Amino acid sequence: MWRYGHGMRISDVIRRKGDEVVTLRSDATVLRLLEVLEEHHIGAVVVSDDDSTVSGIVSERDVVRHLHTEGVAVLEQTVAVIMTRDVHTCAPDDDIEDLAQVMTDRRFRHVPVVSHGALVAIVSIGDVVKGRIDDLKTERDHLVGYIQQ
Ligand code: AMP
């Protein structure tokens with residue numbers, strides 16, 4: 001039964017958008033990262049040497065920052081040099097409202113989903129916004145149905 005205020009979870013978002021995660025090994029170059037971002041039309045890649053353990057995350061913003069401070073030489077560096085090591089991850093059971101708050105407060109647009117220590121998916125701010133809108137639409141439809149009974 002539908003309940004008012006029922007919160008959507010990360011697993012609901014994953015069910016809709018899929019669980020594909022693009023990863024790169026820590027010894028991949030920044031140039032390779034740019035290729036991968038373009039190939040997949042994404043803004044960030046999880047850095048992992050075994051496709052399961054999260055070593056870092058690297059986004060287009062890291063490339064832009066390092067291009068500004070170090071110049072084009074950064075393109076030959078490895079992603080390990082520019083990635084963020086202190087990665088905020090979430091679990092499939094987490095509420096999307098909480099994650100939306102963290103993404104807004106800490107100003108990042110990607111969060112890897114980890115279950116029992118293993119990388120299982122990634123959610124972007126776009127996925128979270130879409131999930132919230134769908135949630136609000138469902139709530140609205142139920143309320144309209146309720147008052148029209
Ligand atoms: P983004 O908004 O995802 O392009 O990332 C902005 C900055 O935050 C970049 O320096 C990323 O490396 C970093 N970042 C992205 N996602 C995360 C995350 N889940 N945890 C920690 N840092 C992140």
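Here the structure is a predicted model, which is why all the values come from computation and not from measurement. Note that ligands are numbered from 1 as they come in the structure, with each ligand's atoms numbered from 1 the same way.
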Legend entry - Verdict with supporting geometry, R65 and T69, side-chain contact (heavy atoms from CB on, under 4.5 Å): CA-CA 6 Å; R65 274 198 206 118; T69 53; 5.7 Å; no

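With values rounded to the nearest 0.5 angstrom, T78 atom OG1 is found 13.0 Å from L31 atom CG. For the atom pair CD1 (I133) and CZ (R140), the distance works out to 13.5 Å, reported to the nearest 0.5 Å. For the atom pair R61 CZ and I82 CD1, the distance stands at 13.5 Å (nearest 0.5 Å).
A donor-acceptor pair under 3.5 Å is absent between the side-chain atoms of K130 and the main chain of V13, judged by distance alone.
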Give a table of atom pairs where an N or O of ligand 1 lies under 3.5 Å from a protein N or O.
from, atom 1, to, atom 2, distance (Å)
ligand 1, 2 (O), R109, N, 2.9
ligand 1, 2 (O), R109, NE, 2.7
ligand 1, 3 (O), R109, N, 3.1
ligand 1, 3 (O), H110, ND1, 2.6
ligand 1, 4 (O), S59, OG, 2.7
ligand 1, 4 (O), R109, NE, 3.4
ligand 1, 4 (O), R109, NH2, 2.8
ligand 1, 5 (O), S59, OG, 3.4
ligand 1, 10 (O), D62, OD1, 2.5
ligand 1, 10 (O), R65, NH1, 3.2
ligand 1, 12 (O), D62, OD1, 3.3
ligand 1, 12 (O), D62, OD2, 2.6
ligand 1, 12 (O), T84, OG1, 2.6
ligand 1, 16 (N), H110, O, 3.0
ligand 1, 19 (N), H88, O, 3.0
ligand 1, 19 (N), H110, O, 2.8
ligand 1, 20 (N), H88, N, 2.8

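Among the candidates D51, D49, D50, the single residue satisfying the side-chain hydrogen bond (donor to acceptor under 3.5 Å, both in side chains) test with T23 is D51.
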